[in-house]
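This report refers to the structure that appears directly beneath it.
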Amino acid sequence: MSTMGHLWANLGQAVEKTVNAHRSRLAEPPPGSASSPGHLDVEPEVVQPPKELKVVVRLREQHAAAHELWQQGMSKAAIGRKLGLHQATVRKLVNARSADDVVAKNLQRAHVVDPYVGYLHRRWNEGVRNAAQLYREIKQLGYPGGELAVQRHLRRYRTGRGHAPGLGPKPPSVREVTSWIMTHPENLRDEDADKLHRLRERDPELDRLTRHVRKFAAMMTGRHGDRLEDWITDVEQDSLAPLAGFARNLRRDFDAVRDGLSLPHSSGAVEGNINRLKMLKRQMFGRASLDLLRKRVLLTR
């Protein structure tokens, strides 16, 4: 893979990580949801963000308290008794390098049920209310998480009218949104362009992400290495952590990257690698993780 191809691939990884962090916001609001306050929300994290923020605040407070007591020489069992936490939770808090690690893992677990909510909604409305049974059913469908996450998802129905709401449009996958952002606007299907436009209107951070990516693409295709410094500065001042990490790596090898962007080169290698990556994803039926897909790409070079 050429140097420019590596840059584009690394940018794609940063975009996918950013989109994945926003996966709970990808779904469009169900029709009539704003005028139906009595109905439960399909994705409370989206409609009621303060609830998610409270979870984050609590995790950060617990992490700080556990580490302070651990530094004082208190055992994990004693910390659990003092803070009223299960010993396994205390172990995770103490072993985590930072509060951000705890928050990230917690939110990742919260989203593991997402691909199966349609099935759970249907079965719930058919009268199946046993969490253990529903857990076993989606486990057969490939669900990789635990029963506790299923219980938490079903709890929102039990505290309301007892029925799950009708589903809105199926949310796009992280892979689809990443592809839309990484594709030249002129090459996007009208339907996908409309979906990306609506998503950008709902999510200011994904809107900024798309603008950053398109500016970088313009630098690559137009050989505007002179714009690299401004692009890196803009990204570093933004709040998009994966993209900022990509920008910092560019700054470490600034001269070489700027020269690479300035010198004539063919975009064919970049396009070829993108097409090859899409082919591998199709062959793997969308089931591969980013790490597994990366290994497959390296093995087929």
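The figures here come from the full heavy-atom set of this structure, side chains too, leaving out hydrogens, waters and symmetry mates.
Thr210 places a side-chain N or O within donor-acceptor distance of the main-chain N or O of Leu206, the cut-off being under 3.5 Å. The backbone N or O of Leu26 sits less than 3.5 Å from a side-chain atom of Arg202, completing a donor-acceptor pair. Here the side chain of Asp203 pairs no donor or acceptor atom with the backbone of Leu199 at under 3.5 angstrom. Side-chain atoms of Arg129 come within 3.5 Å of backbone N or O of Trp124 as a donor-acceptor pair.
Using a 4.0 Å cut-off between a side-chain N of Lys or Arg and a carboxylate O of Asp or Glu, Glu229 and Arg251 qualify as a salt bridge. Residues Arg198 and Asp194 are not paired through a salt bridge, judged by the lack of any N-O separation under 4.0 Å between the basic side chain and the carboxylate. Using a 4.0 Å cut-off between charged nitrogen and carboxylate oxygen, Arg227 and Asp230 do not count as a salt-bridge pair. Ionic pairing of Glu176 and Lys195 is not present here: no N-O contact between side-chain nitrogen and carboxylate oxygen is shorter than 4.0 angstrom.
More than 12 heavy atoms of other residues, nucleotides or ligands lie within 6.0 Å of NZ in Lys139, so this atom counts as buried by the packing criterion. Atom CD of Gln140 is surrounded by 12 or fewer heavy atoms from other residues, nucleotides or ligands within 6.0 Å.
Note: Leu209 CG to Ile181 CD1 = 4.5 Å, rounded to the nearest 0.5 Å. With values rounded to the nearest 0.5 angstrom, Asp207 atom CG is found 9.5 Å from His212 atom NE2. Taking CZ from Arg81 and CD from Gln87, the interatomic distance works out to 8.5 Å, rounded to the nearest 0.5 Å. One finds the CG atom of Leu250 at 5.0 Å from the CD1 atom of Ile232 (value rounded to the nearest 0.5 Å). The distance from the CD1 atom of Ile138 to the CG atom of Leu120 is 5.0 Å, given to the nearest 0.5 Å. The structure places CG of Leu93 at 12.0 Å from CD of Glu61, a figure rounded to the nearest 0.5 Å.
Considering every non-hydrogen atom in both Tyr119 and Glu137, the closest pair reads OH-OE1, 2.7 Å. Residues Ser98 and His63 come closest through the heavy atom pair C-NE2, 3.5 Å. What you find for Val150 and Ala131 is that their closest heavy atoms are CG1-O, 4.2 Å. Smallest separation of non-hydrogen atoms from Ser239 and Arg208: OG-NH2, 3.1 Å. Shortest non-hydrogen contact noted between Ala247 and Val235 is CB-CG1, 3.8 Å. Of all non-hydrogen atoms in Arg258 and Gly225, the two that sit nearest each other are CG-O, 3.3 Å.
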Give the C-alpha distance, both sets of side-chain angles, the deciding distance and a yes or no for side-chain contact (heavy atoms from CB on, under 4.5 Å) between Met219 and Val257. CA-CA 11 Å; Met219 275 196 296; Val257 175; over 6 Å; no
Report the C-alpha separation of Gln71 and His67 in whole Å, then their side-chain angles, then the decisive distance to 0.1 Å, and conclude whether the side-chain hydrogen bond (donor to acceptor under 3.5 Å, both in side chains) test is met. CA-CA 6 Å; Gln71 292 294 329; His67 270 263; 5.0 Å; no
Apply side-chain contact (heavy atoms from CB on, under 4.5 Å) to Leu188 and Leu196, showing your working. CA-CA 10 Å; Leu188 269 179; Leu196 178 59; 4.1 Å; yes
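Trp70 pairs with exactly one of Val90, Asn95, Val94 by the side chain to side chain contact (heavy atoms under 4.5 Å, CB included) rule, that one being Val94.
Between Arg152 and Arg155 the shortest side-chain heavy-atom distance falls below 4.5 Å.
Relative orientation of the Phe246 and Trp231 rings is perpendicular, given thresholds of 30° and 60° on the angle between their planes.
Leu154 and Leu148 are not part of a single hydrophobic cluster, where members link through side-chain heavy atoms under 4.5 Å apart.
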